Amino acid sequence: MAPKVTEVDRARAALAKKLDLSQRGDADLLDRFDRWGGDLIEGLQATYELTDVIGPLIDIMVDQHGKRSETLRQRDRERVLNPDWFQRPDTIGYVCYTDLFDKDLKGLANRVDYLKRLKVSYLHLLPILEPRPGESDGGYAVMNYRALRKDLGTMADLAAVAEQLHTSGISLTLDLVLNHVAMEHEWAEKAKQGDQKYRDYFYAYPDREIPDQFEQSLPEVFPDFAPGNFTWNPEMEAWVWTTFNSYQWDVNWANPAVFCEFADIIANLANHGVDCIRLDAIAFIWKRMGTICQGEPEVHAITQALRAFSKILTPSMIYKAEAIVGPAQVGAYLGEGKHAGKVSDMAYHNSLMVQIWSAIAAKDAKLLELVMARFGAMPASTAWGVYLRCHDDIGWAIDDSDAHRVGINGHDHRMFLADYYTGKFYGSEARGVDFQIEKHSGERRTSGTAAALTGIQGALERKDKAAVDLAIRRYICAYAMVFGFGGIPLLYMGDEIALFNDDDFVKDKTKRDDNRWIHRPAMPWQVAEDAAQGKKPGSPATRVRKAMENLIQARLNLPSLHAAVATKVRAGQGHGVAIFERIHPSGNVIQLYNLAETRRWVSRDEILALPDWVTDQLTGQSFALGDGLELEPYQVLWLS
């Protein structure tokens, strides 16, 4: 009996018909379809009528494959053989705005050596695709996915910079906004002109009946300056879905044409040398009445199909999910159940970031331990993106039930954190600012650089040398948890030299209403180069740079920090100590973090995974554990 012809077989045959299999590249493409074609078809069938999408998608695949350079095809071959390239301990991430780093892409190209000296191997350039003019949500309101901001350069410049980065051992990450486009985007303009094809790319309603039904369960992202989720557009004569800002129109992913548009956009970016796509607002792309319209099952089916498309066409590219959700939800973005290992290769560990700040403010690790224990096993092929600060504000995502279980009130703790990191709490040196105050509860998020939040800026303003010393120790302790956790540590631009808040953002009318720009200062290159060269050794910039280099070097020497192995987080038996435990065949590592500004004791029975004689990987010193260890204020030990 002949085997049943499946949809995967039909799609493979259609692809093979359009390829020249005598060519190595074409044969490679078909071989990769044999590996990932099943994932592609499975993801598409879960969301669309396959006949509506597979033909156009194969045409895109063949067209973009023909445009891919031989250099990038060779990169594909190498990474197919080394799929864990981004999980290794030598992957050090750096995140920046191109213009704040050095004016434009050509300026950035002149600074690649700076990144190499810092051992950076993963560079994330925050939004550079062409935004709408004027206010643009920090570049996340894109009006053209096939062009760059004009002041930054051209797509040819992007390809040239990507090639230079690759030669220097650095992979390139860019943002791709999936949930919405700017109202000036070509699709939106055609929709406003009455083109039904493009009206179907959006959610547009003639009256409030359906929007009001959705609003009953929808939260608000920016309640202060963009309340509600729908905006009346007179040109469309309709209420348009606008989750974020009125000028950002949500696109309709239930339309298979939208899927194909974005697949082509992703392929084009990959062909310009992009190694990783940050899937911005991925949680929001599927809408379902009666829900909060975040993290619906179709989100993960679509991500699986997109990832499989890229694995077939451009397998040197990976996906990073921007899913700022709780511990119970975030695992789905790395893959659970039938999607395990088939969706995003990376996801942000937002909970760890929040818990590091919480533990340092509270000088206690019990909540950190509880929350980290709630994370289930992740696919061994994935990695966390681990960070202390980013371009965004900090939302104090402390779950009420978690807080209750460690004996505190969730609302009170969130208020405490907001007060502590804006310097309102007695004794705090922090210099953050409130962002998006919730009118009824008084809860709010926080903006500020890491140096401002840890107290370096405040202590220096007071000219208190002892307080500056303590704040620098606090800063390094926090960042050591990032570098020691596993996954990819993401160093936000300027944190390697402890940049302070920048109040000058209020002088720019496109930025002054969004105080997140306070923690997005431009790079002061004289300070950065002086710190890199060890000049002004007593300055916070040089001291922090030296400490960062030490953390990075220690990480490079520890194969046990490979992202495939999870970190177990424990609270010390006494208050104020966090213990990170990494059990690995190459050797166990126990990391100790004193979260307090006073000495703390760790007993021998808290470090049972190690022998009596240990080495601190941060200092190179070896010693006997004895009955235990006394930790100095904010001291960090990585023991092996």
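Only a predicted model underlies this, so the values are computations on that prediction, with no experimental measurement involved. Because only heavy atoms are used, hydrogens play no part in the values below, and waters and symmetry mates are left out as well, while side chains stay in.
- Applying the side-chain contact (heavy atoms from CB on, under 4.5 Å) test to D434 and every residue at least two apart in sequence or in another chain returns T422, K424, I437, R444.
- Side-chain N/O atoms of D175 and H124 include a donor and acceptor closer than 3.5 Å.
- In this structure, F416 has its ring center no closer than 6.0 Å to that of W396.
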Only distances under 3.5 Å count here; give the side-chain donor-acceptor pairs of residues 314-324 to other protein atoms, sequence neighbours excluded, each with its distance to 0.1 Å.
residue	atom	partner	partner atom	Å
T314	OG1	S310	O	3.4
S316	OG	R68	NH2	3.3
S316	OG	D76	OD1	2.7
Y319	OH	L306	O	3.0
Y319	OH	S310	OG	2.6
K320	NZ	Y122	OH	2.7
K320	NZ	Y348	OH	3.1
E322	OE1	A281	N	2.7

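- Donor-acceptor pairing under 3.5 Å is lacking for the side chains of E632 and Y634.
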Using the rule given for side-chain contact (heavy atoms from CB on, under 4.5 Å), can you reason through L158 versus L152, listing the C-alpha separation, both sets of side-chain angles and the distance that settles it, and then say yes or no? CA-CA 9 Å; L158 177 65; L152 299 182; over 6 Å; no

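- A salt bridge links R117 with D113: the closest approach of a Lys/Arg side-chain nitrogen to an acidic carboxylate oxygen falls below 4.0 angstrom.
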Tell me, with the steps shown, if E496 and Y94 meet side-chain hydrogen bond (donor to acceptor under 3.5 Å, both in side chains). CA-CA 10 Å; E496 75 274 22; Y94 195 86; 2.8 Å; yes

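- With sequence neighbours excluded, no residue forms a salt bridge (Lys or Arg N to Asp or Glu O under 4.0 Å) with K463.
- Judged as a side-chain contact (heavy atoms from CB on, under 4.5 Å), and not counting sequence neighbours, the contacts of A563 are Q87, A383.
- Between Q526 and D530, the side chains place a donor N or O and an acceptor N or O closer than 3.5 Å (distance only, hydrogens not considered).
- In this structure the side chain of F483 reaches within 4.5 angstrom of the side chain of I92, judged on heavy atoms.
- A donor-acceptor contact closer than 3.5 angstrom is absent between the side chains of H391 and R520.
- A salt bridge does not link D392 to R445: none of the charged side-chain nitrogens sits closer than 4.0 Å to a carboxylate oxygen.
- V142 is linked by a side-chain contact (heavy atoms from CB on, under 4.5 Å) to L129, Y145, V177, counting only residues two or more places apart in sequence or in another chain.
- Take D137 and apply the side-chain contact (heavy atoms from CB on, under 4.5 Å) test, not counting sequence neighbours, and it matches Y140, F222, N245, Y247, Q248, R516.
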Derivation of the side-chain contact (heavy atoms from CB on, under 4.5 Å) call for N550 and I552: CA-CA 5 Å; N550 190 49; I552 291 169; over 6 Å; no

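- Under the 3.5 Å distance criterion, with hydrogens and angles disregarded, no donor-acceptor pair is assigned to the side chains of S560 and S586.
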When you look at K103 and D151, which way does the salt bridge (charged side-chain N to carboxylate O under 4.0 Å, His left out) test go after all the steps? CA-CA 8 Å; K103 189 177 178 181; D151 60 319; over 6 Å; no

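- Under 3.5 Å, the side chains of S640 and Q617 contain a donor-acceptor pair of N or O atoms.
- Take E597 and apply the salt bridge (Lys or Arg N to Asp or Glu O under 4.0 Å) test, not counting sequence neighbours, and it matches R474.
- Contact annotation: the side chain of R545 approaches that of L118 to within less than 4.5 Å [non-hydrogen atoms, C-beta and beyond].
- Ion pairing between R307 and D345 holds under the 4.0 Å rule for side-chain N and carboxylate O.
- Counting only residues at least two apart or on different chains, the side chain to side chain donor-acceptor pair (under 3.5 Å) pairs with a member in residues 475-489 are Y479-D495.
- Between L100 and M523 there is no side-chain heavy-atom pair separated by less than 4.5 Å.
- Taking the six-membered ring where tryptophan is involved, the planes of Y97 and W517 are tilted, since the angle between them lies from 30° to 60°.
- The distance from atom CD1 of I472 to atom SG of C477, rounded to the nearest 0.5 Å, is 14.0 Å.
- You'll find the side chain of E78 stays beyond 4.5 Å of the side chain of W85, heavy atoms only.
- Between M372 and S351 there is a side-chain heavy-atom pair separated by less than 4.5 Å.
- Between R512 and D508 there is no salt bridge, since none of the side-chain N atoms of the basic residue sits less than 4.0 Å from a carboxylate O of the acidic one.
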D90/R555 under salt bridge (charged side-chain N to carboxylate O under 4.0 Å, His left out): CA gap, chis, key distance, verdict: CA-CA 7 Å; D90 62 356; R555 179 183 166 84; over 6 Å; no

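- For T449, there are no side chain to side chain donor-acceptor pair (under 3.5 Å) partners, not counting sequence neighbours.
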Derivation of the side-chain contact (heavy atoms from CB on, under 4.5 Å) call for V386 and I488: CA-CA 6 Å; V386 187; I488 299 180; over 6 Å; no

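- The aromatic ring centres of H349 and Y387 sit 6.0 Å or more apart.
- In summary, the side chains of D84 and H562 do present a donor paired with an acceptor at a separation below 3.5 Å, with no hydrogens or angles considered.
- Dense packing is recorded around CD of E581, with more than 12 heavy atoms of other residues, nucleotides or ligands lying under 6.0 Å away.
- Salt-bridge check for R570 with E369: failed, with every basic side-chain N at 4.0 Å or more from each acidic carboxylate O.
- Taken from CD1 in I518 to CG in N501, the straight-line distance is 4.0 Å, to the nearest 0.5 Å.
- Looking at E461 and Q457, their side chains do bring a donor and an acceptor atom within 3.5 Å of each other.
- For R582, the side chain to side chain donor-acceptor pair (under 3.5 Å) partners two or more places apart in sequence, or in a different chain, are T567.
- Distance CZ/F623 to CG/L629: 5.5 Å, rounded to 0.5 Å.
- In this structure, D514 does not pair ionically with K511, as no charged nitrogen and carboxylate oxygen lie closer than 4.0 Å.
- Residues satisfying the salt bridge (Lys or Arg N to Asp or Glu O under 4.0 Å) test with K366, not counting sequence neighbours, are D364.
- The shortest side-chain heavy-atom distance between D280 and L178 does not fall under the 4.5 Å cut-off.
- With contacts defined as side-chain heavy-atom distances shorter than 4.5 Å, the pair L637/N594 does not qualify.
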Could you walk me through whether L639 and T615 pass side-chain contact (heavy atoms from CB on, under 4.5 Å), step by step? CA-CA 5 Å; L639 303 177; T615 299; over 6 Å; no

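- Between Y421 and W357, the distance separating the two ring centers is shorter than 6.0 angstrom.
- Among residues at least two apart or in separate chains, there is no ring pair (Phe, Tyr, Trp, His ring centres under 6.0 Å) pair with a member in residues 488-511.
- For the pair I282/Y333, a side-chain contact is recorded, criterion being any heavy-atom separation below 4.5 Å from C-beta on.
- For the atom pair CG of L72 and NE2 of H166, the computed distance is 7.0 Å after rounding to the nearest 0.5 Å.
- No hydrogens or angles considered: nothing links the side chains of E529 and Y114 as a donor-acceptor pair under 3.5 Å.
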